[in-house]
Amino acid sequence: MISKVLNTLPADMVETRNLFQNWRATRKPGSAIPDELWNAAMDVARTHGVYLTSRTLPIDYGALKKRLETGGAESRPAFVELAPMISTPPTPLDGSVVEFVETDGSRMTVRLPAGAALDLAGLVSAFRRRAS
């Protein structure tokens, strides 16, 4: 019966199912589904529907539906606003303070001495990846 169902599946769905099976066979237990696989699943779901896709791959129906609604792998904002703080101008002896606040309430504060270099983009990226 299963072979009959697999024979009636569209070729793109079978190919995506094979990608998921290969990933599951080699993944580290507890690791998240990679974005490339989510993107492939979303492509198939757009063509053949969320229910059939989630049953065939098999992946969580709700997670797939949410990703399709938000249009991507992450529901985090794509733009991070760094609002200026109104304060007295720093003196050459003062350092810098950078504070990040995530939408889930997590917070990181970095205090740097005067003249220290900072890779702000790398720091933001590392902070946002920490829970992944």
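The shown structure was predicted, so the numbers you read here are calculated from the model rather than taken from an experiment. In what follows, residues are counted from 1 in the order of the sequence shown.
- Here the straight-line distance linking atom CD of E99 with atom CZ of R107 works out to 4.5 Å at 0.5 Å rounding.
- Taking D12 as the reference, nothing meets the salt bridge (charged side-chain N to carboxylate O under 4.0 Å, His left out) condition, with sequence neighbours excluded.
- Between M13 and L52 there is a side-chain heavy-atom pair separated by less than 4.5 Å.
- Taken from CG in L57 to CH2 in W38, the straight-line distance is 9.0 Å, to the nearest 0.5 Å.
- Taking R27 as the reference, W23, R24, S31 meet the side-chain contact (heavy atoms from CB on, under 4.5 Å) condition, with sequence neighbours excluded.
- Here T53 contributes atom OG1 and I59 contributes atom CD1; the two are 7.0 Å apart, rounded to the nearest 0.5 Å.
- Between V14 and N18 there is a side-chain heavy-atom pair separated by less than 4.5 Å.
- For the side-chain contact (heavy atoms from CB on, under 4.5 Å) test, residues two or more places apart in sequence or in another chain that qualify with E36 are P34.
- Taking Y61 as the reference, V50, Y51, S54, K65 meet the side-chain contact (heavy atoms from CB on, under 4.5 Å) condition, with sequence neighbours excluded.
- To the nearest 0.5 Å, the span separating OG1 on T16 from CG on L37 amounts to 8.5 Å.
- Taking OG1 of T56 as the start and CZ of F20 as the end, the distance is 11.0 Å to the nearest 0.5 Å.
- Scanning for side chain to side chain donor-acceptor pair (under 3.5 Å) contacts around D60 gives an empty result, with sequence neighbours left out.
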